[in-house]
Amino acid sequence: ETGVTQTPRHLVMGMTNKKSLKCEQHLGHNAMYWYKQSAKKPLELMFVYNFKEQTENNSVPSRFSPECPNSSHLFLHLHTLQPEDSALYLCASSQEGAGGPGETQYFGPGTRLLVL
Amino acid sequence: QKEVEQNSGPLSVPEGAIASLNCTYSDRGSQSFFWYRQYSGKSPELIMFIYSNGDKEDGRFTAQLNKASQYVSLLIRDSQPSDSATYLCAVREYSGAGSYQLTFGKGTKLSVIP
């Protein structure tokens with residue numbers, strides 16, 4: 001595997017379900033991110049982990065719960081979601097502190113989530 | 001509220017023409033600027049980045065930055081139908097406590113007509 005991988009690629013869940021999204025980066029980076037992309041809206045940063053420590057939480061509802069067990073893996077735990085949470089969830093990674101182009105964020109393929 | 005503005009388009013250009021995509025940003029202290037391309041149903045992929053005022057060329061792509069005007073653009077020469085996608089402008093901004101984040105525009109949808 002190379003780059004940033006995400007599973008599952010598609011997910012349909014009911015509002016009472018609990019599910020988890022997984023992200024893995026194979027780039028040796030030290031920072032990982034969760035973004036939400038909805039139609040006609042810009043990419044919204046949800047969470048940032050830098051050296052496994054959460055450094056950003058952009059007012060995300062508690063029904064989204066991130067977990068970063070190590071610098072290569074990132075999870076997004078989902079519970080009691082709402083239909084408006086249906087979107088493309090993207091994971092990204094970067095090497096913070098590298099300076100210049102080394103701090104570019106690279107994205108995974110995303111998980112398309114539909115909440116019924 | 002830091003903002004990145006892009007014309008949502010769609011921008012239609014004939015094959016072989018130059019496509020010009022524009023982006024303005026509100027944070028005067030921003031230092032790094034990125035252009036991503038996103039095909040329908042896919043994730044964003046980096047095209048190029050720019051840090052210094054002026055032009056930066058990479059193949060058919062040229063990024064232009066004017067920090068005084070808080071303006072960054074992407075030119076695509078000899079546009080091809082395969083360039084049809086949404087182009088996202090992203091600005092790297094300091095978010096406090098030693099952390100940086102990317103703020104994205106809504107993207108400009110480009111359509112290259114054969």
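Chain naming here is simple, since letters A, B, ... match the order of the sequence lines and numbering starts at 1 in each.
- Side-chain atoms of Arg92(B) and Ser30(B) include no donor-acceptor pair closer than 3.5 Å.
- No close placement of the Tyr35(A) and Phe47(A) rings is indicated, their centers lying 6.0 Å or farther apart.
- Between chain A and the residues Leu88(B), Leu46(B), Thr86(B), Thr103(B), the largest count of heavy-atom pairs under 4.5 Å involves Leu46(B).
- A heavy-atom distance below 4.5 Å is found between the side chains of Leu81(A) and Leu113(A).
- Your options are Gly110(A), Pro109(A), Ala31(A), and the one with the most heavy-atom pairs under 4.5 Å with chain B is Pro109(A).
- Of the two parts of Gln37(A), only the side chain, counted from C-beta on, holds a non-hydrogen atom closer than 4.5 Å to a non-hydrogen atom of chain B.
- Partners of Tyr36(B) by ring-ring contact (aromatic ring centres under 6.0 Å, His included), not counting sequence neighbours, listed by chain and number: Phe107(A), Phe104(B).
- Below 30°, between 30° and 60°, or above 60°: for Phe34(B) and Phe49(B) the angle between ring planes is between 30° and 60°, a tilted geometry.
- Heavy atoms closer than 4.5 Å to chain A are found in both the backbone and the side chain of Leu102(B).
- Pairing each heavy atom of Ala63(B) with each of Ile50(B), the nearest pair is O-CD1, 3.6 Å.
- Between the side chains of Asp78(B) and Gln80(B), at least one donor-acceptor pair of N or O atoms lies under 3.5 Å.
- Atoms CD and OG, on Glu103(A) and Ser32(B) in that order, are 7.0 Å from each other to the nearest 0.5 Å.
- Within residues 6-25 of chain A, no residue has any heavy atom closer than 4.5 Å to a heavy atom of chain B.
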